[in-house]
Novice: 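This structure is in structure tokens; I'll ask about it shortly.
Whatever order the structure lists ligands and atoms in, that order sets their numbers, starting from 1. As a basis for the values below, the full set of heavy atoms in this structure was taken, side chains included, without hydrogen atoms, waters or symmetry mates.
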Amino acid sequence: MGRNFSYPCEKIAVLGLLSEEVREIHETARNLALSYKGGGEPLPSTEVVLAAHGLPRRVREFLYESSLRDSLHAVLVRGYHVEQGALGPTPEHWRQAENPASATYSCALLLLSALVGEVIGWESQQDARIVTDVLPSRGSEHSLVSSSSVAELGWHTEDAFSQHRADHVGLMCLRGAEGAATTLSSVRSEQLSARTLELLGRRYFLIRPDDAHTAEDDSGIRPVALLGEEAGARVLRIDRDFTRPLAGVEGAAEALDELVRALDDGVYDLRLESGDVCFIDNRNAVHGRRPFKPRFDGSDRWLKRVNLVTDLRRTRSGRSGPRSRIIKGIES
Ligand SMILES: O=C(O)CCC(=O)C(=O)O
Ligand SMILES: [Fe+2]
């Protein structure tokens, strides 16, 4: 599988790991994996943070500096070594995916993530696990969630419906698949008309949780703005398949259409390969995935995923309540 460099280089910062850096990270991850429990508290977060302080300086410097650059869509660390034989077959369902063979990689992802932000989980998603799994599942081929395959996973802000959504989404590719590129897109204000920008900045839109969340009903969903400012930073918040305009607001449907068209036009591919770790900026960019053919023979694509917020220590202005590690309930 060839490298795909079709993405705009100025939007993705890339670091290629040196072999001794891989060895050091892997050694640290293996040590952490000895006490890895999985679930909502996989490891004491202090242990992970302290271990991350000991990672190779070049890696720490790269992740720290690039996660501060808010013009980026993503940062990418390439070249981690995934031992395919030891990993064993790709499970068919996320329930079987938190297995001992993959725990070292979960720990490697947690380590690198600690240099970008703080992990959070969702009570309503994959049993509130902190490290979740992205793999194709039988019966979900055409669904609108990450276990899909044959159908394109439409671009989205991760957990766009929620004010508690992640600032970065971390993806570690254990196994890639032909065709299954991750898609990215973003939009600049200059691409949109003044009227559209004004409407998108108002709470004229409803975003429903996607089916990855086990929501009982949509009663907590309040209207939100899709493009605007939050705590001084520009925010983009939309899910192609789950966003609709409020009924009766003149121009809201057209404004949403214009934004969707601009994001459709801007889509590009980032093909993750085994050993790639990518942190998508969930405030600047939307992401999704191209369709691919699942095999269900143990050789399928498999990613480990985390949601990260930049800070759990304080409440951001514009967001209510203290931030917590496990987000409970569905509310916008
Ligand atoms: O499979 C991918 O590349 C992306 C899936 C996705 O959107 C996610 O896991 O949040
Ligand atoms: Fe996603």
Novice: At their closest point, which heavy atom of Q163 faces which heavy atom of R237, and how far apart are they?
Specialist: N-NH2, 3.5 Å
Novice: Would you say the side-chain atoms of H156 and E158 include a donor-acceptor pair closer than 3.5 Å?
Specialist: yes
Novice: What I want to check is whether the side chains of R289 and S148 have a donor and an acceptor closer together than 3.5 Å.
Specialist: yes
Novice: Under a 3.5 Å threshold, I'd like every N/O contact between ligand 1 and protein atoms, with atom names and distance.
Specialist:
| unit_1 | atom_1 | unit_2 | atom_2 | d |
| --- | --- | --- | --- | --- |
| ligand 1 | 1 (O) | R289 | NH1 | 2.7 |
| ligand 1 | 1 (O) | R301 | NH1 | 2.8 |
| ligand 1 | 3 (O) | T182 | OG1 | 2.7 |
| ligand 1 | 3 (O) | R301 | NH2 | 2.8 |
| ligand 1 | 7 (O) | H156 | NE2 | 3.1 |
| ligand 1 | 7 (O) | H287 | NE2 | 3.1 |
| ligand 1 | 9 (O) | R305 | NH1 | 2.8 |
| ligand 1 | 10 (O) | E158 | OE1 | 2.8 |
| ligand 1 | 10 (O) | E158 | OE2 | 3.1 |
| ligand 1 | 10 (O) | H287 | NE2 | 3.2 |
| ligand 1 | 10 (O) | R305 | NH1 | 3.4 |

Novice: Under 2.8 Å from the Fe ion (ligand 2), which protein atoms of type N, O or S occur, listed by chain and number?
Specialist: H156 NE2, E158 OE1, H287 NE2
Novice: Do you see a donor-acceptor pair shorter than 3.5 Å between the side chains of T132 and R305?
Specialist: yes
Novice: For D159 and H164, does a side-chain donor sit closer than 3.5 Å to a side-chain acceptor?
Specialist: no
Novice: Can you name the side chain to side chain contact (heavy atoms under 4.5 Å, CB included) partners of R208, sequence neighbours left out?
Specialist: D211, D218, F242
Novice: Does the side chain of S102 pick up a donor-acceptor pair with the side chain of N99 at under 3.5 Å?
Specialist: yes
Novice: Does a sphere of radius 6.0 Å around CD in E250 hold more than 12 heavy atoms from other residues, nucleotides or ligands, not counting ones at 6.0 Å or beyond?
Specialist: no
Novice: Please tabulate, for side-chain N and O atoms in residues 253-262, each donor-acceptor pair with protein atoms closer than 3.5 Å (sequence neighbours left out).
Specialist:
| unit_1 | atom_1 | unit_2 | atom_2 | d |
| --- | --- | --- | --- | --- |
| E258 | OE1 | S193 | OG | 3.3 |
| E258 | OE1 | T196 | OG1 | 2.5 |
| E258 | OE2 | S193 | N | 2.9 |

